[in-house]
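Here the structure is laid out as structure tokens; the discussion comes afterwards.
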Amino acid sequence: MYQKIEDTVARYGLSRDQVHIEITESALNDSSQAMVEAVQHFHDLGLPGLWMDDFGSGYFP
């Protein structure tokens, strides 16, 4: 996953501040340690935007 993101950034000449990673809230429940490591890895790659999506959390307007 990380290499694909790196390849995409390079291919399209994006600056790292143009890339935002979005994770689902449920991903935190599955393996919190793996998520902490993933967030750290994204940070180490210089990707500043990490968003949390609560899609499917049961909210109905």
Item to check | Residues that His41 engages under ring pair (Phe, Tyr, Trp, His ring centres under 6.0 Å), provided they are two or more places apart | outcome: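 For His41 the ring pair (Phe, Tyr, Trp, His ring centres under 6.0 Å) partners, ignoring immediate neighbours, are Tyr2.
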Item to check | From CG (Leu47) to CG (Leu14), nearest 0.5 Å | outcome: 10.5 Å
Next on the checklist: For the CD atom of Gln40 and the CG atom of Leu45, what is their distance to the nearest 0.5 Å?
Outcome noted: 10.0 Å
Next on the checklist: For Asp7, give me all partners under side chain to side chain contact (heavy atoms under 4.5 Å, CB included), at least two apart in sequence or on another chain.
Outcome noted: Gln3
Next on the checklist: Please determine whether side chain to side chain contact (heavy atoms under 4.5 Å, CB included) holds for the pair Ile5 and Ile21, giving the CA-CA distance in whole Å, both sets of side-chain angles, and the decisive distance to 0.1 Å.
Outcome noted: CA-CA 9 Å; Ile5 293 169; Ile21 304 299; 3.7 Å; yes
Next on the checklist: I'd like to know if Glu6 pairs up with Arg11 as an ion pair, taking the criterion as any Lys NZ or Arg NE/NH1/NH2 lying under 4.0 Å from an Asp or Glu carboxylate oxygen.
Outcome noted: no
Item to check | Over 12 foreign heavy atoms within 6.0 Å of NE2, His43 | outcome: no
Checklist entry - Do His20 and Phe42 come close enough that some side-chain heavy atom pair is under 4.5 Å? => result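 Sidechains of Phe42 and His20: no contact.
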